[in-house]
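Input: a single structure, listed below in structure tokens.
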Amino acid sequence: MRAIEPRGRTDASAIRIRDLTVLYHTERGMLPALKDVNLDVRSGIITGFIGESGSGKTTLAMAMMNTIRLPGRIQRGRVEVPNVGNVLEFQGERLRRLHGQMFGFVFQASSNSLNPLKRIGSQLLDLGRSHGLTNGRQILADAKALAHRMGMDADRVLTAYQHELSGGMRQRVGIIFALILRAQVLILDEPTTALDMLSQQAVLEIVREIHVEQGLTTVIITHDMGVVAEMAQRVAVLYAGRVVEEGPTPEVLREPRHPYTRGLLHAIPRITGSLEEAQPLSGSPPDLTTVPSQGCVFRDRCPLRMPVCDRVEPETRSAHGDGVVACHGVTADD
Ligand SMILES: Nc1ncnc2c1ncn2[C@@H]1O[C@H](COP(=O)(O)OP(=O)(O)OP(=O)(O)O)[C@@H](O)[C@H]1O
Ligand SMILES: [Mg+2]
């Protein structure tokens, strides 16, 4: 596994997410998918969001861009961007313009974001225009170069309709759509799940190169600790709508503090280095209707469970130098 440059610690300005609470409508009323999330997504590095299915990763990315739609609602919180302000206060045309300048987003299952009736090249031009890029020839040249770098026949991809492409090709096209915009913040939601290992490696390599070339702030959402280990300088671990641990990736992987992070790591033979030692996390994560309304949301699966965990939700404490952990069972760094 490739070593990570020691760039995780940085005081660079960040997208500051504060007290972010997002609700979805369920059969039991409006319930939180994110609760009081506090997180700094630092500029110029790759941050991984990791957690099991349903932990709130996509919701957090959408809320960062203020694109939560019904049946969801942002109940409270702020997403502060330096020199921009609170993204959650932007609406309508102002929000659309902000998206154009700031965010490139690759949707999970990116095929859904493509128009079935238009060729890929023409959709790229539409997208560029809607984001204020007027040089169509440049857009197509950039797209071709990216397609080529991702191991695809560039001419074929640009003249194809979505149904003519395989799932893996569509996923790579989704990534090209986001990269072409030259946004400042690139968010990739499960960018490589439909790809075989070799294509995954190639695509991640290109994302990393573009991240450096364009000086981006990048977020990679994944279930895969291996992707985090290879790509991300910092990692935020989500569980049941909470950030339970955050810090520089090397530190978090070397010495995970939260029992959930430890469980995630021990579930992976690639990381533990031994198939025998790899153990799946017992139990399964709660859904919105079964998340405990008080106490620690992880306690039912936790080897460190204590009486206080049933009553009091743990506050975040400092860990890994400039990171955090939220667990009654671990002591703070200082
Ligand atoms: N439109 C919606 N309506 C109701 N509940 C929703 C909606 N979207 C997400 N949820 C719920 O919110 C929680 C967080 O979902 P989210 O999609 O953010 O998780 P995720 O971590 O991205 O999961 P995955 O890894 O499966 O993509 C889940 O319990 C999910 O069922
Ligand atoms: Mg998701």
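Both counts, for ligands and for their atoms, begin at 1 and track the order of listing. Residue numbers start at 1 and run along the sequence shown.
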message = Within the 4.5 Å heavy-atom criterion, are N115 and K118 side-chain neighbours or not?
response = yes
message = Check the orientation of H258 and Y260. Use parallel for under 30°, tilted for 30 to 60°, and perpendicular for over 60°.
response = perpendicular
Under the side chain to side chain contact (heavy atoms under 4.5 Å, CB included) test, residues paired with L133 that sit two or more places apart = I139
Please table the atom pairs, donor to acceptor, closer than 3.5 Å between any side-chain atom in residues 56-68 and protein atoms at least two apart or in another chain.
{"unit_1": "K57", "atom_1": "NZ", "unit_2": "G51", "atom_2": "O", "d": "2.9"}
{"unit_1": "K57", "atom_1": "NZ", "unit_2": "E52", "atom_2": "O", "d": "3.1"}
{"unit_1": "T58", "atom_1": "OG1", "unit_2": "Q108", "atom_2": "OE1", "d": "2.9"}
{"unit_1": "T58", "atom_1": "OG1", "unit_2": "D189", "atom_2": "OD2", "d": "2.7"}
{"unit_1": "T59", "atom_1": "OG1", "unit_2": "Y24", "atom_2": "OH", "d": "3.0"}
{"unit_1": "N66", "atom_1": "ND2", "unit_2": "V87", "atom_2": "O", "d": "3.1"}
{"unit_1": "N66", "atom_1": "ND2", "unit_2": "F90", "atom_2": "O", "d": "3.0"}
{"unit_1": "T67", "atom_1": "OG1", "unit_2": "M62", "atom_2": "O", "d": "3.1"}

request  = Using the side chain to side chain donor-acceptor pair (under 3.5 Å) rule, pick out the option among H211, Q233, R208 that qualifies with T218.
outcome  = H211
ask   = So how far is it from Q184 CD to Q214 CD, rounded to the nearest 0.5 Å?
value = 11.0 Å
key: Working for side-chain hydrogen bond (donor to acceptor under 3.5 Å, both in side chains), residues T222 and D224   = CA-CA 5 Å; T222 181; D224 186 343; 5.2 Å; no
task = Could you point out which residue of Q294, R242, H328 forms a side chain to side chain donor-acceptor pair (under 3.5 Å) with E313?
result = R242
message = Side chains of E255 and H320: any donor to acceptor distance under 3.5 Å?
response = no
ask   = Around the Mg ion (ligand 2), how many protein N, O or S atoms are closer than 2.8 Å?
value = 2
key: Shell of residues surrounding ligand 1, defined by a 4.0 angstrom heavy-atom cut-off that is strict   = Y24, H25, A33, E52, S53, G54, S55, G56, K57, T58, T59, P71, Q108, H223, L288
